[in-house]
Amino acid sequence: MPSSRSSTEARHALQASPRSLRGVGPALAEKLAALGIHRVEDLLFQMPLRYEDRTHVTPIGGAQPGARVMIEGEVAVAEVVFRPRRTLLVRLMDGTGQLTLRFFHFSNAQRAGFSRDRKLTAFGEVRLLKAGKEMVHPEYRLLADSESSHTEAGLSAIYPTTDGIHQQRMRKLVGGALQLMRRHPPAELVPASLLQDLVLPTLRQALETVHSPAPQADTQSLINAEHPAQQRLALEELLAHQVSMRLLRRSVQSEKAPPIPPGHPLIQALLKQLPFDPTAAQHRVFAEISSDMALDQPMLRLVQGDVGSGKTLVAALAAVAAIGAGMQCALMAPTELLAEQHEASYRRWLEPLDIEVVRLAGSLRAAERRQALASVEGGRAKMVVGTHALFQDAVSFACLGLVIIDEQHRFGVHQRLALRDKGGRHGLAPHQLVMTATPIPRTLAMTAYADLDTSIIDELPPGRTPVKTVVIPEERRDEVIDRVATACAEGRQIYWVCPLVETSEQLEAQAAEDTAAVLADQLPKVRVGLVHGRLKAADKASAMQQFANATTDLLVATTVIEVGVDVPNASLMIIENAERMGLSQLHQLRGRVGRGAAASTCVQLYKSPLSRAARARLGVMRESNDGFVIAEQDLELRGPGELLGTRQTGAVAFRLADLKRDAHLLPAVQNAASQILSSPDAEQSETVKQLLARWIGDASRYGNV
Ligand code: ADP
Ligand code: MG
């Protein structure tokens with residue numbers, strides 16, 4: 001057992017500035033600081049990007065194209081050629097084969113070094129060209145005749161590098177930190193019982209292995225990031241993330257919110273005017289929301305439900321409850337198109353109850369906007385709908401009691417945090433209700449939404465027939481056109497979804513316009529509408545309106561209609577180039593049909609040849625209508641980043657952990673987080689502070705923001 005004195009010393013040594021390491025002066029320290037490395041310990045948590053195997057020399061004859069290997073050979077010829085540009089080519093032979101080293105930048109001295117028969121080792125990626133194997137700009141080392149090659153004992157860690165801190169330097173710095181660590185072991189923050197249960201090494205052992213793998217270490221598992229040492233660190237990273245999310249939740253919930261008494265008569269009034277009864281699942285989830293909102297601390301609740309499960313009604317009931325209690329409710333949608341849709345539903349449901357609905361759109365004229373802002377500020381507008389622009393500084397609410405965030409995955413945790421200052425004059429923080437568009441697999445939800453309680457609407461309204469999904473090659477497009485004509489003659493409405501062009505909204509819009517023109521030509525009896533991201537807001541709205549009231553039969557659209565759009569009479573959807581889309585996206589799109597009583601069909605058109613992954617995706621779509629099943633498959637096929645849309649939000653960017661690979665660690669992470677946070681002033685504890693400092697960086701972002 002280390003005495004408390006020595007553990008304090010240890011902390012000091014690793015918490016000191018990197019300048020305490022040999023060779024680090026003010027200039028280098030500044031570059032390190034720019035990378036977020038402020039303490040020696042931060043170097044230890046700078047994870048290698050990958051590993052290189054320089055433990056042995058590979059015979060040239062056996063070097064596989066694509067592999068990064070070490071070779072050794074003698075120079076047969078070295079020559080400078082000038083086509084297509086000045087290039088030094090060095091042909092090496094080792095008795096098993098030959099390989100060319102290719103340099104575009106080289107000095108005369110370098111060139112002179114490659115004398116005939118000179119022995120050397122080189123490390124790099126093998127490429128196979130028509131002329132044979134080669135390496136471009138390999139690392140190399142000339143050897144004296146008697147010298148043998150410089151293999152390394154274990155795998156070499158490769159770090160992310162930046163301007164001014166190259167690989168060699170980074171490796172030395174980490175090496176220095178490791179040496180210090182051996183004398184002053186880092187604090188172990190993961191509960192010991194947990195490490196024992198999972199049979200994982202201590203932090204010290206793990207860091208040692210990850211940065212400087214022993215010769216006997218299991219190289220394949222290190223390369224795959226499945227080594228127990230990496231698992232140990234991933235566990236700690238997930239734990240740090242979990243702890244920070246729960247602290248975030250604590251800090252939001254330490255504020256006062258306006259309690260909203262359940263059972264206001266307006267709720268009954270809304271239910272009475274509906275043409276249907278809520279499902280048992282809708283009732284249950286609304287009851288969970290009601291009991292959260294009855295408290296004087298902010299609700300933080302996530303509602304998950306498959307496409308078409310009726311999330312909108314549940315949100316509207318919550319809105320009416322808040323409004324009944326004299327509060328305002330704000331609904332934030334990810335796009336203008338969706339905000340418009342919501343405005344329409346809320347007007348339909350709330351205006352008969354004498355509740356004023358306002359939409360703050362980007363497209364409002366100055367005077368309209370001023371007027372809308374005034375009614376929000378004055379408290380007359382009870383229901384306010386918009387995009388995230390709603391939370392710009394210019395908008396101030398009289399008494400905001402509830403914020404509903406629709407289709408959450410496009411908003412980041414921090415955007416959500418900013419909401420609490422928007423309460424209004426009463427100085428209270430609003431309740432928060434988050435609705436997801438796509439079901440999220442449990443493991444992901446546990447991590448990405450650790451700060452939220454979860455409700456699941458696990459039932460569809462009665463009378464829905466599952467959408468039948470077929471997969472048809474582009475060559476049979478004519479058949480599909482016939483099908484559209486027939487459907488239209490039967491009074492059904494049809495969506496035609498155009499290909500996704502990720503690189504250019506303009507090309508995408510162009511493709512949609514072309515498709516609409518061609519279809520209008522081929523289907524003279526069909527009234528064709530068009531909606532895409534490049535249209536003006538008013539044109540978009542009117543295209544949607546015409547489709548909704550059946551003035552058009554066929555709506556040609558880009559993926560702007562992906563979420564939220566609700567036209568129950570539409571019962572046929574054609575998706576072009578379905579092979580390019582992700583599973584969750586296909587499921588969302590398909591969710592636009594199958595909303596009415598008529599049996600619906602989704603046609604996935606594809607261009608041959610199909611990649612294996614695309615074939616798998618389209619197969620999943622054909623087999624399943626269950627969003628939760630599809631989300632699990634999506635996680636399996638594409639990983640969490642795509643599913644959560646974190647590219648945009650940066651919500652879950654791990655250094656080492658991978659939610660798919662490390663999912664099995666999550667239950668243990670949950671328990672450990674509860675254990676660490678069990679005391680009321682846990683955020684002040686040394687364990688928590690260090691955990692956040694190690695993995696999250698600037699911990700102040702998470703505590704009292
Ligand atoms: P999502 O969960 O995808 O947001 P919506 O809230 O848009 O689903 O609901 C889909 C459709 O189902 C809407 O037309 C809505 O009016 C209708 N709906 C909602 N709840 C019920 C219910 N209990 N019974 C019948 N129809 C319902
Ligand atoms: Mg919806």
Side-chain angles (χ1 to χ4, degrees), residues 267-268 270-289 301-320 331-335 337-352 383 385 404-410 433-440 454-467 493 495 544-545 547-550 559-571 573 584-600 602 625-628 630-631:
I267 299 167
Q268 273 314 315
L270 170 56
L271 289 174
K272 268 228 298 282
Q273 55 164 2
L274 292 176
F276 51 73
D277 290 322
T279 61
Q282 285 169 317
H283 275 301
R284 191 192 69 242
V285 171
F286 178 57
E288 287 164 359
I289 293 170
R301 187 167 285 278
L302 171 74
V303 173
Q304 290 208 58
D306 205 347
V307 186
S309 62
K311 295 183 287 287
T312 316
L313 173 64
V314 171
L317 288 168
V320 161
L331 185 148
M332 183 155 75
T335 63
L337 184 67
L338 267 182
E340 277 158 34
Q341 288 264 319
H342 278 299
E343 180 194 11
S345 322
Y346 279 84
R347 279 193 195 287
R348 192 170 70 231
W349 286 340
L350 303 196
E351 283 182 347
M383 182 74 213
V385 179
I404 301 169
I405 303 174
D406 193 21
E407 325 297 7
Q408 141 77 16
H409 64 280
R410 311 202 183 181
L433 183 61
V434 176
M435 323 291 291
T436 60
T438 317
I440 304 159
T454 306
S455 295
I456 299 182
I457 308 181
D458 52 4
E459 181 184 356
L460 293 179
R464 300 263 172 91
T465 34
V467 179
Q493 286 177 281
Y495 291 103
M544 288 311 304
Q545 196 51 45
F547 191 61
N549 60 30
T559 53
V560 292
I561 59 155
E562 183 181 340
V563 280
V565 171
D566 184 32
V567 180
N569 190 48
S571 62
M573 172 173 277
S584 296
Q585 187 168 35
L586 286 168
H587 182 62
Q588 275 301 318
L589 281 170
R590 182 175 61 181
R592 303 306 115 216
V593 292
R595 298 184 153 237
S600 298
C602 175
N625 266 296
D626 181 333
F628 284 92
I630 290 172

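Atom set for the values below is all heavy atoms of this structure, side chains included, hydrogens, waters and symmetry mates excluded. As the structure lists them, so they are numbered: ligands from 1, and atoms in each ligand from 1.
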How far apart are the C-alpha atoms of Tyr495 and Val567, what are their side-chain angles, what is the distance that settles it, and do they pass the side chain to side chain contact (heavy atoms under 4.5 Å, CB included) test?
CA-CA 10 Å; Tyr495 291 103; Val567 180; 3.7 Å; yes
For [X] and [Y], indicate whether the former's side chain and the latter's backbone hold a donor-acceptor pair under 3.5 Å.
X: Arg284; Y: Ile456; result: yes
X: Asp306; Y: Phe628; result: no
X: Lys311; Y: Gly305; result: yes
X: Thr279; Y: Gln282; result: yes
X: Arg592; Y: Met573; result: no
X: Gln304; Y: Thr454; result: no

Ligand-residue contact atoms, ligand 1 with Pro278, heavy atoms, under 4.0 Å:
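Those of ligand 1 that fall under 4.0 Å from Pro278 are 23 (N).
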Using a strict 4.0 Å cut-off to heavy atoms of Thr279, name the atoms of ligand 1 that fall inside it.
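Every atom of ligand 1 under 4.0 Å from some heavy atom of Thr279: 23 (N).
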Heavy-atom proximity to atom 8 (O) of ligand 1 ranks first, among Gly596, Gly310, Pro462, Ala281, for Gly310
If we only count N/O pairs under 3.5 Å, is [X] in contact with ligand 1?
X: Gly308; result: yes
X: Lys311; result: yes
X: Val307; result: no

Say you draw a straight line from CD of Gln273 to CZ of Arg348; how long is it, rounded to the nearest 0.5 Å?
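Taking CD in Gln273 and CZ in Arg348, the distance rounds to 9.5 Å.
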CG-CZ distance between Leu313 and Phe276, expressed to the nearest 0.5 angstrom:
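Between atom CG of Leu313 and atom CZ of Phe276 there are 5.5 Å.
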Part of [X] within contact of ligand 1 (heavy atoms, under 4.0 Å):
X: Asp306; answer: backbone
X: Met435; answer: neither
X: Ser309; answer: both

Under 4.0 angstrom from ligand 1, any heavy atom of [X]?
X: Leu274; value: no
X: Asp277; value: yes
X: Gly305; value: no
X: Arg464; value: yes

